Amino acid sequence: MDIDFPFHFDERGRVAETGYANHVLDLIEQLLFTTPGERVMRPDFGCGLLDLVFEPNSPELAAAVQASAEGALHRWLGDLITVQHLDVIAEESTLRIEIGYVLLATGERREDVITGRAA
């Protein structure tokens, strides 16, 4: 059973579930948006993206996010996915993360885009 994130109830009043691929995407988003030190008993979990969102948007910010995200994905989700590419693009006030990965359990190749606005 893969619980949907954020936690909520479905129309039947039960805990909402999601498919495996969407569950892994939820895990990726949780990892990217968790600040290291935020999780109890896992002080290294996260990549600090939220700390960088309010920095002035620049190519240097994109490079810092890319290095941090690649390291965190490899360390924390390396047993679930193989990252094929991760591109961080800074466009005006928007930071866009394009990630291509393979789900190791199913062999499915995925392409997802995560966007956030910087100051």
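When reading the values below, keep in mind they use all heavy atoms of this one structure, side chains included, and skip hydrogens, waters and symmetry mates. What you see is a predicted model; the values in this text were computed from it and never measured.
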Would a 4.5 Å heavy-atom cut-off, applied to side chains only, mark [X] and [Y] as touching?
X	Y	answer
Arg96	Val88	no
Ile81	Val24	yes
Leu103	Leu80	no

Inter-residue atom distance [X].[atom1] - [Y].[atom2], 0.5 Å rounding:
X	Y	atom1	atom2	value
Leu86	His74	CG	NE2	13.5 Å
Gln66	Glu98	CD	CD	10.5 Å
Ile114	Ile97	CD1	CD1	5.5 Å
Leu77	Arg75	CG	CZ	11.5 Å
Ile3	Glu17	CD1	CD	8.0 Å

* To do: Sequence neighbours left out, what passes ring pair (Phe, Tyr, Trp, His ring centres under 6.0 Å) with Phe45? Give chain and number order.
  => Trp76
* To do: Check Asp87, Leu73, Val113 against Ile99 for a side chain to side chain contact (heavy atoms under 4.5 Å, CB included) and give me the one that passes.
  => Leu73
Let me have the donor-acceptor pairs involving side chains of residues 25-34, under 3.5 Å, with sequence neighbours excluded, atom names and distances please.
residue: Asp26; atom: OD2; partner: Phe5; partner atom: N; Å: 3.2
residue: Gln30; atom: OE1; partner: Arg39; partner atom: NH2; Å: 3.3
residue: Thr34; atom: OG1; partner: Gln30; partner atom: O; Å: 2.4

* Asked: Quick one: do the Glu111 and His85 side chains pair a donor with an acceptor below 3.5 Å?
  -> yes
* **Aromatic ring pairing Tyr20/His23, orientation class (parallel under 30°, perpendicular over 60°, tilted between)** => tilted
* Asked: Near Arg42 CZ, under 6.0 Å, is it more than 12 heavy atoms from other residues, nucleotides or ligands?
  -> no
* Asked: Is the number of heavy atoms from other residues, nucleotides or ligands under 6.0 Å of Met1 CE greater than 12?
  -> yes
* State, to 0.1 Å, how close Cys47 and Ala72 come at their nearest heavy-atom pair, and which atoms those are. => CB-CB, 3.6 Å
* Can you name the closest pair of heavy atoms from Phe9 and Val15 and give their distance? -> CD2-N, 4.0 Å
* Asked: Side-chain heavy atoms under 4.5 angstrom apart, residues restricted to Ile, Leu, Val, Met, Phe, Trp, Tyr: same cluster for Ile89 and Val83?
  -> no
* Structure fact -> For Val102, the side-chain contact (heavy atoms from CB on, under 4.5 Å) test, sequence neighbours excluded, returns Gln84, Arg109
